[in-house]
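Remarks on the structure that follows.
The model shown is predicted, which means the values in this text are computed figures rather than measured ones. One is the number of the first residue; the rest follow in order along the sequence.
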Amino acid sequence: MSAIAALFAGPGVVRRHVAGGQPLYEAGRDADALYLVTAGAFAVFRATAGGRTMLGLVRPGEIVGEASVLAGSPRSATVVALRDSDVAVLSSSCFFEAARGRPDMMTEIARLLIGRARSVGKPPTYMPPKIIALSALTGRVGARGLASRLADALRRQGRSVAVLGGDSADETPPWWSAIEAAHDLILCAVEPTDDRWSAVCRRQADRMILIGHGAEVPPADHPMCANEPLRTNALVDLALVHAGARPRNGTAWRDAVMPGRLHHLAEDDDCARLARSLTGTGVALVLSGGGARAFAHVGAVRVLRAAGVPIDAVCGTSMGGIVAAGVAAGWNDEEMEARMRVAFVTSNPLDDIALPLVAMTRGCKVDRRLEEQFGGWDIADLPIPFFCISADLASGTHVAHRRGHLPTALRASISLPGVLPPVTIGKQVLVDGGTLLNLPSALMRAGHDGTVVAVDVSRSLGLLPEDVLRPRPLLQWFWSGAWRRGPPIVSILMRSATIAAEPELRAAREAADLYVMPEVSDIEIRNWRAFDRAVEAGAAAMASALETLPGPLDRLRHDRERLADTLPM
């Protein structure tokens with residue numbers, strides 16, 4: 001913006017320092033000036049029914065506040081410094097005086113306004129954090145050591161990284177802007193006793209990672225060293241170090257810290273996953289419900305792994321949630337197939353038929369098998385971030401299970417109304433999540449900055465007339481053992497729980513960067529013995545989808561955003 005830059009180099013410009021976490025201006029105030037950011041960074045917020053929504057970031061060299069000045073109206077948004085920042089301030093009267101007779105300047109501002117108007121209503125384009133504070137909450141973890149390991153993982157991605165410590169506490173905003181311009185990321189290591197450096201990092205960081213030790217319970221007086229904009233926008237993460245041990249105490253730490261994201265660091269690969277989460281290059285997998293057809297997810301996962309795609313977060317609904325839980329627990333391909341066969345294929349888990357007062361089955365077999373496969377796991381302790389979806393009949397809303405006993409959450413997620421009894425947790429009455437949210441890719445997108453891959457087996461052809469015909473003769477149907485698959489009403493109920501309204505499906509597809517729909521319409525929704533056919537269908541669909549990609553899967557989200565930015569209105 002050469003003309004605008006010249007404007008701020010002219011007379012009438014004053015300099016102003018804004019401490020990290022403080023507002024540059026607030027919504028509703030008179031628009032008496034516009035600003036050029038010379039050092040630091042600002043976030044733009046607008047009030048919404050749910051609180052505040054971040055509209056975007058303003059970096060050095062960019063102006064802010066021009067729309068209200070030109071319109072002569074009060075400020076429509078609040079702008080807050082993300083770190084110690086400097087701005088050049090030009091009063092509105094000086095601006096109009098300097099702009100008179102400068103069409104080049106007004107053209108630049110018009111282009112800026114048009115570009116910002118195009119982004120209204122869209123989620124902000126992902127901008128990776130530049131300055132990340134890693135703050136140790138206990139003496140058993142070393143912030144500097146973790147910062148060095150994380151820097152190595154980031155450098156393997158081709159990033160330029162600087163690691164800073166307390167000796168940088170006295171540096172000025174221009175120094176911070178210079179080092180920021182020279183590196184892709186800056187990691188600030190904060191030890192528990194370094195209060196002064198911690199205060200500086202609270203004002204400088206774009207994102208904070210609080211570091212705890214998994215063998216400890218969270219301290220009652222742990223410092224939530226983060227400024228208000230970071231807390232408001234869920235930009236405070238928690239990393240639990242486990243020194244090679246199986247993750248534990250995740251729920252206690254999550255409840256105490258309330259982080260935006262929880263990371264477990266037990267193996268070398270975990271640092272690489274954390275690095276991908278910070279750079280928006282992680283891959284998240286979303287798996288729909290669909291009864292026996294959901295075995296296609298096993299094949300889709302197998303192909304992703306064979307292609308070398310790391311799965312950094314995973315979620316699912318109903319049977320998709322069960323496959324996703326296996327991925328999150330670290331099952332390899334062989335273990336995944338073996339456990340699925342034992343739990344669902346060798347014998348029908350839904351054949352403990354009951355007097356249908358609450359449901360057609362007692363659910364005892366399902367309870368036992370989930371406990372056998374997932375017993376001992378708390379969701380917050382899974383090595384890979386995970387959640388599954390159920391529906392609460394009491395409130396009429398979906399529930400995302402991110403903590404607590406994993407078998408219980410999975411049992412709720414697959415509790416098809418009328419087939420399995422509901423699960424009660426407190427005042428919640430939980431049934432199959434597919435009744436409200438069968439493909440939760442939009443929910444995954446809200447907390448994941450990288451690529452989202454959604455695999456949907458619910459949109460295949462539903463029921464055929466022969467699937468719902470009354471068995472004849474009934475006695476032969478019973479003695480043949482076909483009754484163990486359940487009467488035709490089971491198929492009707494299962495299919496009903498996976499039919500989504502078109503607006504929901506559209507939102508789910510739009511939230512996904514890669515949408516895969518295996519061809520499983522020939523598999524009856526309760527035919528558990530069709531495992532192999534479903535697996536191969538999922539593998540074929542994922543392989544075909546990967547072959548059509550224009551570039552690497554981990555860059556797909558950024559490629560889509562860049563293309564959207566270039567499309568005409």
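- For D513 and R557, the salt-bridge test passes: some basic side-chain N is under 4.0 Å from an acidic carboxylate O.
- In summary, the side chains of S148 and R144 do not present any donor paired with an acceptor at a separation below 3.5 Å, with no hydrogens or angles considered.
- The structure places CD1 of I131 at 6.0 Å from SG of C188, a figure rounded to the nearest 0.5 Å.
- Nearest heavy atoms, L134 versus A143: O-CB, 3.5 Å.
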### Message
Please determine whether side chain to side chain contact (heavy atoms under 4.5 Å, CB included) holds for the pair K365 and D367, giving the CA-CA distance in whole Å, both sets of side-chain angles, and the decisive distance to 0.1 Å.
### Response
CA-CA 5 Å; K365 289 186 69 173; D367 290 343; over 6 Å; no
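- Salt bridge status for R273 with D270: present, with a side-chain N to carboxylate O gap under 4.0 Å.
- Between V342 and T346, the shortest heavy-atom distance links the atoms O-OG1, 3.5 Å.
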### Task
Could you check L420 against I414 for side chain to side chain contact (heavy atoms under 4.5 Å, CB included), going step by step and ending with a plain yes or no?
CA-CA 8 Å; L420 284 167; I414 66 171; 4.2 Å; yes
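- Taking the side chain as every heavy atom from C-beta outward, R369 and F344 never approach each other to under 4.5 Å.
- Judged purely by atom type and a 3.5 angstrom limit, W528 has no side-chain atom pairing as donor or acceptor with the backbone of R341.
- Between D378 and R403 there is no salt bridge, since no side-chain nitrogen of the basic residue lies less than 4.0 Å from a carboxylate oxygen of the acidic one.
- Taking every heavy atom of both residues into account, V323 and A294 meet most closely at CG2-O, 4.1 Å.
- Contact annotation: the side chain of E371 never approaches that of R411 to less than 4.5 Å [non-hydrogen atoms, C-beta and beyond].
- If you take CG on L210 and NE2 on H263, they are separated by 10.5 Å, rounding to the nearest 0.5 Å.
- Scored by the side-chain hydrogen bond (donor to acceptor under 3.5 Å, both in side chains) test, R246 finds no partners at all (sequence neighbours excluded).
- In this structure, the side chains of V453 and M542 come closer than 4.5 Å at one or more pairs of heavy atoms.
- Between L285 and V283 the shortest side-chain heavy-atom distance does not fall below 4.5 Å.
- We find the CD-CZ distance between Q373 and R368 to be 13.0 Å, quoted to the nearest 0.5 Å.
- Between the R445 side chain and the H448 main chain, a donor and an acceptor come within less than 3.5 Å of each other.
- Under a 3.5 Å cut-off, the side chain of N438 and the backbone N or O of S288 do not form any donor-acceptor pair.
- The heavy-atom pair separating H264 from L382 by the smallest distance is CD2-O, 3.3 Å.
- Between L553 and L546, some side-chain heavy-atom pair lies under the 4.5 Å cut-off.
- Using modelled atom types, no side-chain atom of E536 and backbone atom of G299 make a donor-acceptor pair closer than 3.5 Å.
- Closest non-hydrogen pair, S415 versus P421, comes out as OG-O, 3.5 Å.
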### Task
Assess whether side chain to side chain contact (heavy atoms under 4.5 Å, CB included) is satisfied between V286 and V455, documenting all intermediate values.
CA-CA 6 Å; V286 182; V455 185; over 6 Å; no
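- L57 contributes atom CG, which lies 7.5 Å from atom CG of D206 (distance to the nearest 0.5 angstrom).
- Remark: side-chain polar atoms of E519 are not paired, donor with acceptor, to backbone N or O of A541 under 3.5 angstrom.
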### Task
Kindly indicate, with the supporting measurements, whether the criterion side chain to side chain contact (heavy atoms under 4.5 Å, CB included) is fulfilled by F295 and N527.
CA-CA 11 Å; F295 291 140; N527 184 8; over 6 Å; no
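- A side-chain donor-acceptor contact under 3.5 Å links D392 to the backbone of V429.
- You'll find the side chain of I322 reaches within 4.5 Å of the side chain of L370, heavy atoms only.
- Inter-residue side-chain proximity for R156 and L154 is flagged as unmet; no heavy-atom pair is nearer than 4.5 Å.
- Remark: D554 does not engage R276 in a salt bridge, criterion side-chain N to carboxylate O under 4.0 Å.
- Between R261 and D449, at least one side-chain N (NZ, or NE/NH1/NH2) sits under 4.0 Å from a carboxylate O, which counts as a salt bridge.
- Atoms CZ and CG, from R159 and L278 in turn, are 10.0 Å apart once rounded to the nearest 0.5 Å.
- Once rounded to the nearest 0.5 Å, the distance linking CD of E337 with CZ of F531 reads 4.5 Å.
- Panel note: side chain S135, backbone A189; no donor-acceptor pair is recorded below 3.5 Å.
- Nearest approach of R302 to A539, heavy atoms of both residues: NH2-CB, 3.6 Å.
- For the side chain to side chain contact (heavy atoms under 4.5 Å, CB included) criterion with H401, the lone passing option out of I389, T408, L410, I379 is I379.
- Without hydrogens or angle criteria, N249 side chain to V217 main chain gives no donor-acceptor distance under 3.5 Å.
- Counting only distance, with no hydrogens or angles, the side chain of R293 and the backbone of V457 share no donor-acceptor pair below 3.5 Å.
- Under the ring pair (Phe, Tyr, Trp, His ring centres under 6.0 Å) criterion, the residue pairs touching residues 368-390 are W331-F374, with sequence neighbours excluded.
- A donor-acceptor distance shorter than 3.5 angstrom exists from the side chain of T279 to the backbone of A275, with no hydrogens or angles considered.
- V431 is listed as a side-chain neighbour of P417, based on a closest heavy-atom distance under 4.5 Å.
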